[in-house]
Structure formats: structure tokens, C-alpha cells
Amino acid sequence: MDERYDFKKVEERWQRAWQEQKTFTVGEDPSKKKYYCLEMFPYPSGRIHMGHVRNYAIGDVISRYKRMRGFNVLHPMGWDSFGLPAENAAIKHGIPPSKWTLENIAFMRDKQLNRLGLSYDWDREVTTCLPDYYRWNQWFFIKMYERGLAYKKLSYVNWCPSCATVLANEQVEDGLCWRCGSVVAHKELEQWFFKITAYAEELLACCDKLTGWPERVLTMQRNWIGKSVGVEVDFLVEGTGEKLTIFTTRQDTLFGVTFMSIAPEHPMLEALIKGRKEAGEVRAFVQRVLSEDKAVRTDEKQEKEGVFTGAYAVNPLNNEKVPVWVGNFVLMEYGTGAIMSVPAHDQRDFEFAKKYGLPVRVVIQNAEKGLNAGTMTEAYTEDGIMAGSGKFDELSNANAKDKIADFVEERKIGTRTVNWRLRDWGISRQRYWGTPIPIVYCDTCGAQPVPEKDLPVLLPLDVALTGKGRSPLAESKSFREAVCPKCGGAARRETDTMDTFVDSSWYFLRYCSPKEDGAPFDKKAAGYWMSVDQYIGGIEHAVLHLLYARFFTKVVRDLGLFDGDEPFLNLLTQGMVIKDGAKMSKSKGNVVDPDHILSKYGADTARLFSLFAAPPERDLEWSDQGVDGAYRFLHRVWTLVYKHSAALRNVQPAGPGARGDTLFRKTHLTIKKVTEDIEREFHFNTAISALMEMVNELYDYTSGGVEDRQLPVLRSAIDALTLLMAPFAPHFAEELWEVLGNTSSIANAPWPHHDPEAIVASELTVVVQVNGKVRSKLTLPAGAADKELEAAALADSKVIEFLQGKQPKKVIVVQGKLVNVVV
RNA sequence: GCGAGAGUGGCGGAACUGGCAGACGCGCCAGACUUAGGAUCUGGUGGGUGACCAUGGGGGUUCAAGUCCCCCCUCUCGCACCA
């Protein structure tokens, strides 16, 4: 035993002990309630950063707390280990991606994460770049292919020139690549897609059931899915007789259509302008718009431009002829690529009409404003009464929406339709370090899925990476050449790999039975552990990973492998770790290295500080001095416990007989407070401050020396303190727990319960106010009645002074707390 | 523009259903022990050196407002030509 707090010795000792004794290894135990606590697994970049430390510290406190509360806790960790950085390292330094990745994993696990004292069941480690994992990506792909949920199509896709690969819509932020920030180009390619849109309705509807998710994440998901309900209406093109179909959510304004606009890519465009004098001008316009970058074109500040095609179409509601324009703001990928334009009731159409001198017609009136098309300065987009709309006049426009939709359907000029902003998930990547897509192409039989028995399609490890040319796999002859599973003839393999977000879309299921080799996971094990009770990670995945994982879970359910609908019941999005008010970054030079903190202060201090400085959902301002404070606190506790450990060793903790003792009361108040702070919103910062208060009180209590009769109360206080600290500073608590004479790990010790009767105060401190201002304080015996409070307050000398002989108008008594005398 | 969240000491942050604003920590000041301390312990610490003013600003409700209501300002994040 060492009386000096040597964190290095303590932490190494307990890390070894947990490992040797397999303290955190778990299995399915139907007799216990399970708790699945999961932190988003990291990409093995080579080093952890403070954001990881914070994320894992939060998850570890929750896991350790739940374990002490008697739950069977699944707390796994793994590696999201396919991805571009490994390939870039290979190109730059000539290290094979697999070597680079596996070495990083070993380093991060053994030298970094293990030093943090995290209570993971390492027997369940999942590494997505290994064949025993990614073969199941391929298996899911084939299952989805069989069900029409994986398909290939030619389309415009997002192309990052710097990463030399296609990106999913979710991976483009403000027109820039989410990973490297390059401007994303538009490219027409044949690509594999997962049909996430087949689940759009359910993904949206289930948002309402995710009550344990932050509202803003749900809002972001709802926005991303973007459901809009409206109608498609056919306008007949004059002359050709072809139908130009538009989508609108504002069918109540159909009578106000004064022109139409179609996307520059619209397939009907050529037919519209053929042989017209406008054709040349239109083609020039289209060419100019299409040559623009997608980011530029969809920028909000982009000037709305258009050109008249020379063609007219007929509004089927009023048989009016309206000109058809091409607009640079009309998107081919949304709706039908053609819109009706109602300048009076749509701001964008209004501005466009003003610019090109097109007419404005009011069809929704506001009684007070008295709208006049000639004098309007902006579109009227609010509700009102229908006007100029034939038999729909005088209806409220909300009402007319339904009526017009009915009318359109009856006349067979259109149908009710739902449009989604959500697009199918493009998963092809022209990169090497990912899961090969299990498809071969045969000249006779076409695209053929690789039979299940031939899985996995192994990623060859001897591919030269140059960073130039085509996808690296396309350069590998041995990989490329294959045999058609159907006819046995020569065929070539698909050389694209899957988006790495596929890997992270089901890893939480794999943790349930990571060694299962006949299926992606064991159904029974998943039935026991799933869903994840608490998921913790950064907000940056609010749409990406979290949406894909929800989609995959629903697919897995429909494959009959899992009985739930949603993967994550509760989601905690932790804030960033910042320094000097900014996110830590190399360029700003404000990065704090976890290794340095661990060497100087130890894991328990690092954990304690990061949990104490801010509540988990908020940003955490890193403070070196704050770390000192956490370190000091541990020293204070250590010194205190050691000072009394010999005297306390054979003392039994106090029981109900000690009710009334101030320290006993503080002990139980602290148990209550810490427990509630963890249970309610995981507010560890206030839980730790309660522990600090208790330690301060312990110092007071023991400052004059401790008599023998005080030992039981002191013992119960120190026992409780150690237990309450265990989730936050686990090594530290283990060591003190042993010093106090315990022989089994504190990790499995039961969490203390507070004694409700022990926290009842023997005296009340009553605040006395005169006219709402605090003027005095009274100490009265507990349980004093309202009448007694009032009498005592009125008899108080300060109150009498303030009353100056006047009679109180009213006296308000808040039971056991406060008296307010109103004059 | 729309949506969400937030504005409290020198700083990070407390204050659960309206009831002592500033818990706890950092920093700072003073003292003790010390040859010495950037170690440790003890005390103090919103402003103004009286009864007053203070939770972004302005109104309101109430005996009582950081907390509830109305108006406004600022910041952060997300979405944003979606028809």
C-alpha cells in the first residue's frame, strides 16, 4: 500500500486485473435485465483525440453505473476500418492499407483505449475490414439484390475529383465532399444503389416513436427524408399533343398558372423546341447551365434565369394556353422536372415573372389586404379565399386543395402523389479499400450475383496503389477475371467497392454474436441484446450513419433476422471538445494530445475532468487548469481515505441508528443526488460536484480528529463515496475499495441506495421575506407548522424593523421553506 | 427565410414542478505550515464600500420571475431554389 496517489501504478494494476479476470466479459443471461450501451466505433486513423476520450468516458460511466445497478451490460468496441485514409497512406508511404490499418488498430487499442480504463468486452471486438465481417456486407447485398433493394442504374452522381470516387447525396455538404471539402462534380455513371426510398414512409413515421432521440436530430432526419404531398397534373403541349406532367403541392393555385418551367435536362425539351426559331437560344442556355458546377447551380444566391421555348401548354383546369420556359432553378431529380408557375402565390415564381415580364394572377384573396396583381410587391403565400378559380371560388384554399385534387383525379388529368427528397443510396465507390461488390458480369447472362457459397469475395491484398487511373481493383487482372455462376463462361468481376457506411449500418448487430460464422449474427443473441439502449456519438452523423443504420435495421427485420424496428432507443449526441473557443485542429494549433494528459495526470483525472467541465450534450471547453482541479480532487480523496483506512478497516458501516448525524445525512443526500443526476439526462457534471461537496464536508468532519464512536458513520460515508466515484474514476475507486478491506472488484459491487429517513433534516432554515426581499433567516425545528412559521417570522426583530409598525396586508407561507410578509 | 438550441460573475458552469441567483470547479486575494514553493491546508471572492443594482434588452403576470406571457437583439447549429 502506498500512501501517495501514484496513478500510473494504480491504473496499470487494475487494467491488468480487469483483463486477466475478464471482469467485463458478458454473455446472454435471461435471468438478468440486459443493457446495451454503445459508443460510435472509431475509424483507426492511428491516434485517438479528445473527442474520442469524451465519447468513451461518457459511455463508460453509463455502462459501469448500469452494471452496479445489476444490469447485464453489453459494452463493446470495434473498428470502422475500411476507408480512404488507409489508401492515401499507401499511396504516400507505400504501406499496404491492411498493414497500416491493423497496426493502427493494435496501437489504438493497446496503447490508447486500454489506458483509459474503459469497461469493454474485448472478446466481441469487430473489425470491419476483415473477411469474417465484410463477407456479411456481401451477403446483405445479395439478399437485397434478390429483393430488388439493390439495383444498378445509370444516373447523374456526385463525383469527388480529389477522392476519385462517387459520393452519396448524404455525403455532399454544401456542394462539397464531406471528407475532403473538394467541390463535387456531376457525372453520369452506372452505379449500384440501395433502395432506401422503399422505406421512406416508415423511416419518417418511426421518427415519432424515437422519443429518446434529441429533437434536432429527428428534425434533421425528417427534413432529409422530405415528404411532400401533392398532385401530378398533365398539361397538354400545344401542337405535339404530348403530356407535360408537373408536380405541385399547391393545386389550390392551379387557376393562377401563368407559365411553366422545365429543367434544362428535361427529356421532352428537344421535342418542344424542334424547328422553332427559339431553338438556338434555348440550346445555348441549356448548355451553359449544364456546364456549371452543381454546387454553383444550386447555390441559393444563383440568379434565377430562364428562356422561353416557344412552346405552349394547356392548363387542363381552365384550358388556358401558357408559355413553357426552361429554368435554371428547376431540378430534374425532384418531382417530374417540370413545374407550373404561379407568380401571385410563390415568391420564386413572382421574381421570375417580374424579371421576364410575365403576367401575375391572384387566385387566393385576402379580405383585409385586398390583393391586386398589378400592385403586389411580393407573392402572397398565406391562406385565403379562392378567387378566379371557377367553381372553387369562395372556398377556403385549404378546403379547395382537397376538392381540386378530387377533381383532377375524376377528370383523369392527374393523380395525388407523394414526393420525397430522399434519394436512393448510391453505394458504389471506385476505390480499393472497401468491401468488393459481389457481382460478376457475363456477356451472355448479364450481371449475376455471386452465389452465397462463394462468399466472401476476398479483397486482394497484392494490389498496387498509385492514386492514378481507374479504380485499383480494375487494374488487377486476377481479381477482375471471373467465371459466370450461371453459364460457367468467362466473366468479369465488379471492381467497385461498397461505401464504408454499409459497414457501420449493422455492426451493432454483429456485436451480439461477433464470432458467428453461419450468419451475420445469431438471431437469438440479437433478440436478447437488441435494441441498443443507449447510443452515444457526435452530431455529425445525424443524417448519414444514423439514417443508414435505421434503414438497414428495417431490412434486417424484413429478412426475418430481427424482431425490432429501430436499432437505437436512446441517442446522446455529445458536444465537441473545444479549446480557446474553437474546435481542436492542427491548423489552429490548439490540439490537446490525450497521450500527454494520460501520462501527466492519468486516465481517472482525464475522465473526471471531461465529465465535470460540462454536461455531455454541450461543447466542452478544455482547460489545463481545470484538469489540475480534477487531479487535486482525487488527491484530496486519496489522502482522506488513507488517513483513516487503518482505523476503518474493521469497522461496520453505520445503519439507520445513525439517522440524525450530519455526515450520515450528507452521505445519503449525496447518494440520492448522484443517482438522480445520472438517471436524469446523464448530468455527470453536477453529480461530480455533489461528490466534491461531500468530500469538503468529510474534511470538516474529520478536521478535529475522529473519535471511535464516529467511525461507523465515517465508514459508511467513505464506502458510499468510493462506490459513487467508481463509474467516473474506476481505477482509483478499485484501489481504495481494496484499501478499505474489500476483496472483490468494485465494478460489480451494488450501487448504494439512499435511506429516505436519513435525509430528513432535524431543523429547517426558513427564508423570511418582506415584500419579496430576503430580510432574515430563521432556524426552526423540523415539522413546524405553517402557523408557527408565520408567528416566528412576524416576531423576528428584522421583520419588525422593516414593518415599522405597519400591519401586514398578507402573509404567504411556503411550507417548510419561506415566509413572505407583504405590507 | 425556416427549424432547433443558447445568452447567468474574470472563466467553465449550478439553480428538478416560479420560492435564498451564482452550487461545484478554475482563477484571484489573504493567512497557516515552510529556507522555499507553481505542494498542501484554512478563510475570502458578482457589482456598488449603508437599506441598492444584477441572469442579452424592453414590457407584463405574480406576494415572489433566470424560470411563465408578449415584443426586440445577439450567437451557435441544421435546412434552404424541393415546386
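Throughout, protein chains are lettered first and strands after them, A, B, ... in sequence-line order, and every chain is numbered starting at 1.
Nucleotides B/U67 and B/G7 are separated by 11 Å at their P atoms, to the nearest Å. Remark: the separation of the C1' atoms in B/C16 and B/G66 is 15 Å, to the nearest Å. Across the C1' atoms, B/G1 and B/C11 are found 36 Å apart, a figure rounded to whole Å. Nucleotides B/C68 and B/U55, compared at atom P, are 15 Å apart to the nearest Å. For the P atom pair drawn from B/C29 and B/G38, the interatomic distance equals 11 Å after rounding to whole Å. With both ends at atom C1', the span from B/A21 to B/A65 equals 11 Å, rounded to whole Å. Taking atom C1' on both B/A64 and B/G18, the two are 8 Å apart, rounded to the nearest angstrom.
With sequence neighbours left out, the side-chain hydrogen bond (donor to acceptor under 3.5 Å, both in side chains) criterion links A/R632 to no other residue. With sequence neighbours left out, A/W325 forms a side-chain hydrogen bond (donor to acceptor under 3.5 Å, both in side chains) with no residue at all. The ring-ring contact (aromatic ring centres under 6.0 Å, His included) check on A/H345 picks up nothing, with sequence neighbours excluded. Checked against side-chain hydrogen bond (donor to acceptor under 3.5 Å, both in side chains), A/D252 has the following partners two or more places apart in sequence or in another chain: A/R250, A/N397. Checked against ring-ring contact (aromatic ring centres under 6.0 Å, His included), A/W622 has the following partners two or more places apart in sequence or in another chain: A/F609. Not a single ring-ring contact (aromatic ring centres under 6.0 Å, His included) links A/W213 to another residue, sequence neighbours left out.
Contact check, A/R423 against B/C82: no side-chain N or O comes under 4.0 Å of OP1 or OP2. When the side-chain nitrogen and oxygen atoms of A/R636 are compared with OP1 and OP2 of B/C41, one or more of them lie within a distance under 4.0 Å.
In secondary-structure terms, RNA chain B builds stems of at least 3 consecutive Watson-Crick or G-U pairs, each pair having both distances under 3.5 Å, at B:1-7 with B:73-79, B:10-12 with B:24-26, B:27-32 with B:40-45, B:56-60 with B:68-72.
Checking B/C20, B/C81, B/C79 against the side-chain heavy atoms of A/R421 singles out B/C79 as nearest. Nearest nucleotide to the side chain of A/R632, out of B/A39, B/A83, B/C63: B/A39.
A/V811 comes within contact range of no nucleotide atom at all, as no heavy-atom separation falls under 4.0 Å. The residue A/E215 sits apart from the nucleic acid: no heavy atom pair falls under 4.0 Å. No engagement by A/K809 is indicated, since no non-hydrogen atom pair under 4.0 Å with the nucleic acid exists.
Taking a 6.0 Å sphere around NZ of A/K355, one finds it holds more than 12 heavy atoms contributed by other residues, nucleotides or ligands.
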- Item | Contact letters for nucleotides 8-19 of chain B, in which S counts primed atoms plus P, OP1 and OP2 and B counts the base, heavy atoms under 4.0 Å | ----BSS----B
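Relative to the six-membered ring of A/F255, A/R361 misses at least one condition, a distance below 6.0 Å or an angle of at most 45° to the axis.
Counted by atom type alone, A/D796 and A/S776 present one or more donor-acceptor pairs between their side chains at under 3.5 Å. In summary, the side chains of A/R636 and A/N696 do present a donor paired with an acceptor at a separation below 3.5 Å, with no hydrogens or angles considered.
A heavy-atom distance below 4.0 Å to RNA chain B is reached by these residues of residues 696-705 of chain A, ordered by number: A/N696. Residues from residues 216-230 of chain A with heavy atoms under 4.0 angstrom of RNA chain B, sorted by number: A/R216, A/T219, A/M220, A/S228.
The salt bridge (Lys or Arg N to Asp or Glu O under 4.0 Å) pairs that include a residue from residues 605-631 of chain A are A/D60-A/R607, where partners are two or more places apart or lie in different chains.
The aromatic rings of A/Y356 and A/F352 sit tilted, their planes meeting at an angle between 30° and 60°.
When A/Y642, A/W638, A/F633 are each tested for a ring pair (Phe, Tyr, Trp, His ring centres under 6.0 Å) with A/Y5, only one passes: A/W638.
One donor-acceptor pair, N or O on each side, does fall under 3.5 Å between the base of B/C81 and the side chain of A/K304.
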Review item, side-chain donor-acceptor pairs of residues 812-823 of chain A, under 3.5 Å, at least two apart:
unit_1: A/N820; atom_1: OD1; unit_2: A/G772; atom_2: N; d: 3.0

